[in-house]
There are 2 protein chains.
Amino acid sequence: MDETDRKILAAIQADASVSIAEMADAIGLSHTPFWRRLKKLEADGVIRKRVAILDPEKLGLAITVFANIRLRQHDEETLEAFERQVAEYPEVIECYSMSGETDYVVRAVVRSIDEYERLLKRKLLHLPGVIAINSHFALKCIKLTTQLPV
Amino acid sequence: MDETDRKILAAIQADASVSIAEMADAIGLSHTPFWRRLKKLEADGVIRKRVAILDPEKLGLAITVFANIRLRQHDEETLEAFERQVAEYPEVIECYSMSGETDYVVRAVVRSIDEYERLLKRKLLHLPGVIAINSHFALKCIKLTTQLPV
DNA sequence: TATGAAACGCCATCCCC
DNA sequence: GGGGATGGCGTTTCATA
């Protein structure tokens, strides 16, 4: 993967709606080699998929919450069950297992505080092994992108 | 925005590479009304843009870090300067101002611990008003999606 | 006012150089 | 890496209820 590939990736992760011909001569390449590189990057899995990015506000999803989750037990089965189930909640946009005191951090988006309370009390707190959850609300989104540094 | 629009949004935020005709009859609609609704959702800004999602691993971006940032002062200018500058770092994928003790939480992706150390010491710690940063490393990504609950 | 059918024109794709 | 041909699809217009 050379410099030209990186330019292609940068372009297509910024805006995938422009035509191949346009992108190609934006980076100074004719459309055929551009297309060939693109297909290779897709085949190699560097480009995972094409998606539409929606506006959370316009969908009424005004609230972003970070939930720091601690488990009571850390055996294989509990972790596996927790991870499988937490990933299924559509409100959960991100989840990572973490170093430090917190076992997992979850980012969820919800329409209201009420909805988060339900997510917390009825779903997250009942996940396998959960002993404590610490919730932090985002006041404002400064940056949220899908563009990786290539 | 009715149930049909939600189906369109769900489909296109899951996979924007399939043709309009295919999506249309997947949700039981002929392609013209589907297309009109799509254009309206774009015009209304519900659909913000189309992008390609890249694989961080394949790009060598193996490490995800959450940085909890505290500022020493909270006057308008400091906040504004901090927010403007933090958003410019390509390693910073997300940043939110938060309730609670932490002023800002940042999610960054880097190639190595070394690279994070440089990001922290040379960039983040020098941002306007910063007094303390607490870094937490992700051990594993359980879920990371762009799909919002529609 | 929302949907279905049909024609147009562009662009992704594949050929060869 | 580049140029050219083609087939399919997004786009637009017309017709319908």
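Numbered from 1 within each chain, the chains take letters A, B, ... in sequence-line order.
Here the two rings, on A:F66 and B:Y96, have centers that are under 6.0 Å apart. Checked against a 6.0 Å centroid threshold, the rings of A:Y104 and A:F82 count as neighbours.
Checking the phosphate oxygens (OP1, OP2) of D:dG1, a side-chain nitrogen or oxygen of A:R37 falls inside 4.0 Å.
Distance CG (A:D25) to P (D:dG1): 16 Å, rounded to an integer number of Å. Going from atom CZ of B:R50 over to atom C1' of D:dG10 covers 11 Å, rounded to whole Å. The interatomic distance linking B:F34 (CZ) with C:dA5 (P) rounds to 17 Å, in whole Å.
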Considering only nitrogen or oxygen atoms on both sides, find all protein atoms under 3.5 Å from nucleotides 12-17 of chain C and state each distance.
unit_1	atom_1	unit_2	atom_2	d
C:dA12	OP1	A:I20	N	3.0
C:dA12	OP2	A:I20	N	3.1
C:dT13	OP2	A:W35	NE1	2.5
C:dT13	OP2	A:K39	NZ	3.4
C:dT13	O5'	A:W35	NE1	3.3
C:dT13	O4	A:H31	NE2	3.3

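Using a 4.5 Å cut-off on side-chain heavy atoms (C-beta onward), B:K123 and B:E91 make contact.
Taking a 6.0 Å sphere around CD of A:E76, one finds it holds 12 or fewer heavy atoms contributed by other residues, nucleotides or ligands.
Each of A:E22 and B:P33 lies near DNA chain C, and the nucleotide nearest B:P33 is the one positioned closer to the 5' end.
No hydrogens or angles considered: nothing links the side chains of B:D114 and B:S112 as a donor-acceptor pair under 3.5 Å.
Judged purely by atom type and a 3.5 angstrom limit, A:H31 has no side-chain atom pairing as donor or acceptor with the backbone of A:I20.
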